[in-house]
Amino acid sequence: VASTVDASAFYVFHNAGTTAQSFNTGVDLSSAVLLADGTQAGLTPIPLGSSAVTIITTGGASTVTLPALTSAIIRK
């Protein structure tokens with residue numbers, strides 16, 4: 001979803017399953033920030049090292065992995 005305030009785009013992921021799930025985005029999220037995960041949310045970015053959510057970028061496309069029963073909001 002694109003922001004109407006600035007050039008940000010927001011990516012929302014939800015894993016309703018009972019095991020971890022990876023989502024291939026087709027988008028480079030290497031400069032994106034995590035704003036919400038399964039334990040916290042806010043305007044201050046959540047360091048990926050302190051979250052169970054992972055973002056791995058290879059060849060210009062990112063894969064986002066979420067633990068079971070977790071949602072994530074990422075801003076680029």
Taken in chain and number order and not counting sequence neighbours, the residues that satisfy side chain to side chain donor-acceptor pair (under 3.5 Å) with Thr65 are Ser22
Q. With the 4.5 Å side-chain cut-off for hydrophobic clustering, are Leu48 and Leu66 part of the same group?
A. yes
dist Thr70:OG1 -> His14:NE2 (nearest 0.5 Å) comes out at 8.5 Å
Next on the checklist: For a 4.5 angstrom cut-off between non-hydrogen side-chain atoms, does Asp28 reach Ser62?
Outcome noted: yes
Exercise. Looking only at side chains, do Ser30 and Thr57 share a donor and an acceptor under 3.5 Å apart?
Worked result: no
OG1 (Thr63) and CD1 (Ile55) are apart, to the nearest 0.5 Å, by 10.5 Å
Nearest heavy-atom approach of Ile74 to Ala32 is CG2-CB, 3.4 Å
- Item | CA sep, side-chain torsions, deciding dist, call: Val53, Val64, side-chain contact (heavy atoms from CB on, under 4.5 Å) | CA-CA 7 Å; Val53 174; Val64 178; 4.1 Å; yes
- Task: Determine whether Val33 and Lys76 make a side-chain contact, defined as any pair of heavy atoms from C-beta on separated by less than 4.5 Å.
- Result: no
| said: Is there a path of hydrophobic side-chain contacts, each under 4.5 Å between heavy atoms, that joins Val12 and Leu35? | reply: yes
Those residues at least two apart in sequence (or on a different chain) that pass side chain to side chain donor-acceptor pair (under 3.5 Å) with Ser51 are Asp37
Heavy-atom nearest pair, Ala68 first then Gly17, reads CB-O, 3.3 Å
Worksheet entry | 4.5 Å side-chain heavy-atom contact, Ile73 and Tyr11 | no
